[in-house]
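First the structure, in the form of structure tokens, and then the observations on it.
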Amino acid sequence: MRMSRLLLPTERQAPADAEALSHKLLVRAGLVRQLGAGLWSWLPAGWRAHEKAVQIVREEIDEIGGQEMLMPVLLPAELWKKSGRYEIDELFKLNDRKGAEMVLAMTHEEAVTTHIAQVVRSYRDLPLILYHFQTKERDEPRPRAGVLRTREFIMKDSYSFDRDPEGLDASYELHRAAYARIFDRTGLDWYEVDSDVGMMGGTGAHEYMAPCPAGENEVALAPGFAANVEIAGADAQPVDLPAPLPQPEPVNTPGATTIDEVSRQLGVPAGALLKAYPVICDDGSSVLVALRGDHRVNDIKLRNALRQGFRPAQPDEVARAIGPPGYLGPVGLGGARVLLDAAVDTSAGWITGANRPDTHLRGVQAGRDFAFTVADVRTVEAGDTVNGHAITIEPAIEIGNIFKLGLRYSEPLGADYLDEHGQQRSVWMGSYGIGPARIVAAAVEQHADENGISWPRALAPYDLELVALGKPDQPERIAAEAAYVELRAAGLDVLFDDRDAGPGEKFKDAELLGLPLRLTLGKRSLDSGRVEAQIRRGLQDVEGGLPLDDLAQSVGELWKTLA
RNA sequence: CGGGGAGUGGCGCAGUCUGGUAGCGCACCCGGCUGGGGGCCGGGCGGUCGCAGGUUCAAAUCCUGUCUCCCCGACCA
């Protein structure tokens, strides 16, 4: 491609409101442009990178037997009412000219399952893996960080359909293997983590994470361990605790309504206190969650432990049912049950709220002084351990996920089949997503330097940039034209900077765009019979350059060695 | 949804407090010079100051309303 003809609007300065590195660089390099909150166009060069990611995904999903198809974005609302997902706030809802209710697909479980329900009759029709690349629409409460979280994006979503749970396991493992190959091929630093199944329901899920500062997810890591902090469990860091007193002993703590204040007044570490977090469950019951004063409740783990949704109790509800906010404790509760976090040592003597103003209790022992059930509901923190190894927590972008859906959609949408005994059974489903745009953004985040983007070879919009120096019509420009023809004939995707611009501008733009290899052909090169070559990653000059004679071959060989 | 910030030419900004009819850098166009790291000189084009209403002789500037965008949090199927 001739750069003089390419729509590549580079900018010296990033948009003032850009925060994330990938946001700044993708805009500056002329790869994407914004049209509204969470609404982005991919300009020609950016789209090439996106489609590189798409093609890698396509090849690997085909390889496990996936069959590519295409389903519409605009769907009848009926399907979503059947599946019970019509009320989701993020779902765009609209009416057609006849007034019929429609939705814009935020994912395609309803659509694909409806087809399967119509088409699959027999166990002989299974298993199946179907997929497509299709636009998803989500009315996000807060789009952010350029293309990292948008309201409209393309997703590869595949769906597996099996006769039984064992079949689902097999399809799931096929996808795990394909995903590993996909992300390896993209050149990203990535890992697979255990994840929450979320409101998708189902029995198992993994997420694929690309670590980078702009990531929205937090991942807990230790040797042999990786989990989204949403569900991560780990051994808490120890705290020195006294033995229980013969019976709980009131202590005066005037005005001490926070952990910090109690800890300060009594001269004990926050971890020696039991924090009380009152919640009201969806079924109307109230639960007092008790955990170490230095720990935080993890809402997702708590929801999973309660097996239902919940909300924090309002202060007036608390005051009415339990005691004054700030002085809550598990001893002497009326109706509420106590859920004790698993990190609380039940042999120790704790300091808890007394459910009376300005008073705490000392020496409280779980079990003796109050009844409880146990669950792991706290948020892990850096320094906690897994198998004796301290964990670290780092931000990451979710670039893919896989879910075992089970019967979540097949039952409401009627996807069933007759087994070999003539028995009607529901189809076991899995769903598997990948966001190519996030792969692209993650690659930018992970590999950029102060000069710009540094594409992994697999995602670069073009294989290399050929920079022609000198005035138009001078011999070095003519030689550059010949090199352009030769390199293309050898099958390389060449971006040819044939613009009438100064060398500095061309070099800066080349570094900003970040193709893996830059060839420079100027008067010097022509005189020496060699072309200068620089590898973008690390801006490494190739010693002595490459011979102008048979340039395509040496470029091709060098190309194979690049990351 | 809660909190914070911002809308002035393609990008980045000043001007707003203290009202007087819009300016700077880059980019862009023309001419010339330069030609290995965003070069130099000269001449130009381009803006309903987000939108609506109000106050005023006069509004980018003051008042009211409204829309949009960004950041933090909540949320994220």
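Computed from heavy atoms alone, side chains included, the values below leave out hydrogens, waters and symmetry copies.
In this structure, B/A60 makes no Watson-Crick or G-U wobble pair, since no nucleotide meets both defining distances under 3.5 angstrom. B/A6: Watson-Crick or G-U partner is B/U68, with both key distances under 3.5 Å. Pair check for B/G31 finds B/C41; Watson-Crick or G-U wobble, both atom distances under 3.5 Å. In this structure, B/G19 forms no base pair with any nucleotide, since neither Watson-Crick nor G-U wobble geometry is met with both distances under 3.5 Å. Under the Watson-Crick and G-U wobble criteria, each requiring two contacts below 3.5 Å, nucleotide B/U48 is left unpaired. B/C1: Watson-Crick or G-U partner is B/G73, with both key distances under 3.5 Å.
Distances shown here put every side-chain N or O of A/Arg142 at or beyond 4.0 Å from the OP1 or OP2 atom of B/A74. A/Arg144 has a side-chain polar atom (N or O) that falls below the 4.0 Å cut-off from OP1 or OP2 of B/C72.
Closest to the A/Glu19 side chain, of the nucleotides B/C71, B/A77, B/G37, is B/C71. Considering only the side chain of A/Gln34, B/C69 comes nearest among B/A77, B/G37, B/C69. When distances run from any side-chain atom of A/Asp509 to the nucleotides B/G38, B/A77, B/C71, the shortest one goes to B/G38.
At most 12 heavy atoms of other shown residues, nucleotides or ligands fall within 6.0 angstrom of atom NZ in A/Lys523.
Residue side chain A/Glu476 does not reach the base of B/G35 through any donor-acceptor N/O pair under 3.5 Å, judged by distance alone.
No cation-pi contact links A/Arg303 to A/Phe310, judged by a cut-off of 6.0 Å to the six-membered ring centre and 45° from its axis. Cation-pi contact between A/Lys404 and A/Tyr172: present, with separation from the ring centre below 6.0 Å and deviation from the ring axis of at most 45°. For the pair A/Lys156 and A/Phe133, the NZ or CZ position fails the cation-pi test of under 6.0 Å to the six-membered ring centre and within 45 degrees of the ring normal.
Atom name P, nucleotides B/C49 and B/A60: the rounded distance is 6 Å, in whole Å. B/G23 and B/U8 have their C1' atoms separated by 10 Å, given to the nearest Å. Only the P atoms considered, B/C40 is 36 Å distant from B/C51, to the nearest whole Å. With both ends at atom C1', the span from B/A59 to B/G12 equals 26 Å, rounded to whole Å. Rounded to the nearest Å, the gap between the C1' atom of B/A58 and that of B/C62 is 13 Å. Of the C1' atoms belonging to B/U21 and B/G47, the separation is 14 Å, rounded to the nearest Å. A distance of about 8 Å separates the C1' atoms of B/C28 and B/G10, rounded to the whole Å. With both ends at atom P, the span from B/C72 to B/G35 equals 48 Å, rounded to whole Å.
Across the protein-nucleic acid pair, A/Asp299 atom CG and B/C75 atom P stand 6 Å apart, rounded to whole Å. Rounded to an integer number of Å, the gap from CZ of A/Arg524 to C1' of B/G37 is 11 Å. In this entry the distance linking CD of A/Gln474 with P of B/G35 reads 9 Å, nearest Å. For the pair A/Asn298 CG and B/A74 P, the interatomic distance rounds to 12 Å; values are reported in whole Å. Rounded to an integer number of Å, the gap from CG of A/Asp139 to P of B/A77 is 14 Å. We find that NE2 of A/His23 is positioned 13 Å from P of B/C69, with the value rounded to whole Å. Rounded to whole Å, atom P of B/C72 lies 11 Å from atom CG of A/Leu148. Atom pair A/Phe507:CZ and B/G39:P shows a separation of 14 Å (rounding to whole Å applied).
For the pair A/Asp449 and A/Arg536, the salt-bridge criterion is met [side-chain N within less than 4.0 Å of a carboxylate O]. A/Arg518 and A/Glu511 are joined by a salt bridge, as a carboxylate oxygen and a charged side-chain nitrogen come within less than 4.0 angstrom of each other. With respect to A/Asp157 and A/Lys136, a salt bridge is recorded, a charged nitrogen being found less than 4.0 Å from a carboxylate O.
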Shorter than 3.5 Å, N or O on both sides, protein versus nucleotides 6-14 of chain B: list them out with atom names.
residue: B/C11; atom: O4'; partner: A/Glu11; partner atom: OE1; Å: 3.4
residue: B/C11; atom: O2'; partner: A/Gln13; partner atom: O; Å: 3.3
residue: B/G12; atom: OP1; partner: A/Ala16; partner atom: N; Å: 2.8
residue: B/G12; atom: O4'; partner: A/Gln13; partner atom: OE1; Å: 3.2
residue: B/G12; atom: O2'; partner: A/Gln13; partner atom: NE2; Å: 3.2

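Contacts of A/Ala145 with the nucleic acid, taken as non-hydrogen atoms under 4.0 Å apart, involve only primed sugar atoms and P, OP1 or OP2. Nucleic acid contact class of A/Glu87 (heavy atoms, under 4.0 Å, all strands): none. Among the heavy atoms of the strands, none lies under 4.0 Å from A/Arg499. Nucleic acid contact class of A/Asp500 (heavy atoms, under 4.0 Å, all strands): base. Residue A/Ser525 is in base contact, counting any heavy-atom pair closer than 4.0 Å across all strands shown.
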note = With sugar-phosphate taken as primed atoms, P, OP1 and OP2 and all else as base, the protein-contact string of nucleotides 45-51 of chain B at under 4.0 Å (heavy atoms; B, S, -) is -------
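Contact record, A/Ile231 with A/Asn298: N-ND2, 4.4 Å, taken as the closest heavy-atom pair. Across all their heavy atoms, A/Ser431 and A/Leu405 have their closest contact at CB-CD1, 3.6 Å.
Under the 4.5 Å side-chain criterion, counting only non-hydrogen atoms from C-beta, A/His50 is in contact with A/Ile154. Counting heavy atoms from C-beta on, the side chains of A/Thr10 and A/Arg28 never come closer than 4.5 Å.
Heavy-atom nearest nucleotides on RNA chain B were determined for A/Gln534 and for A/Pro143, and the one closer to the 5' end corresponds to A/Gln534. Nearest-nucleotide positions on RNA chain B for A/Lys523 and A/Arg151 put A/Lys523 closer to the 5' end.
When each of A/Asp497, A/Leu487, A/Val467, A/Leu558 is checked for a side-chain contact (heavy atoms from CB on, under 4.5 Å) with A/Leu519, only A/Leu487 meets the rule. Each of A/Glu90, A/Glu110, A/Glu78 was scored for a salt bridge (charged side-chain N to carboxylate O under 4.0 Å, His left out) with A/Arg85, with one residue passing: A/Glu110.
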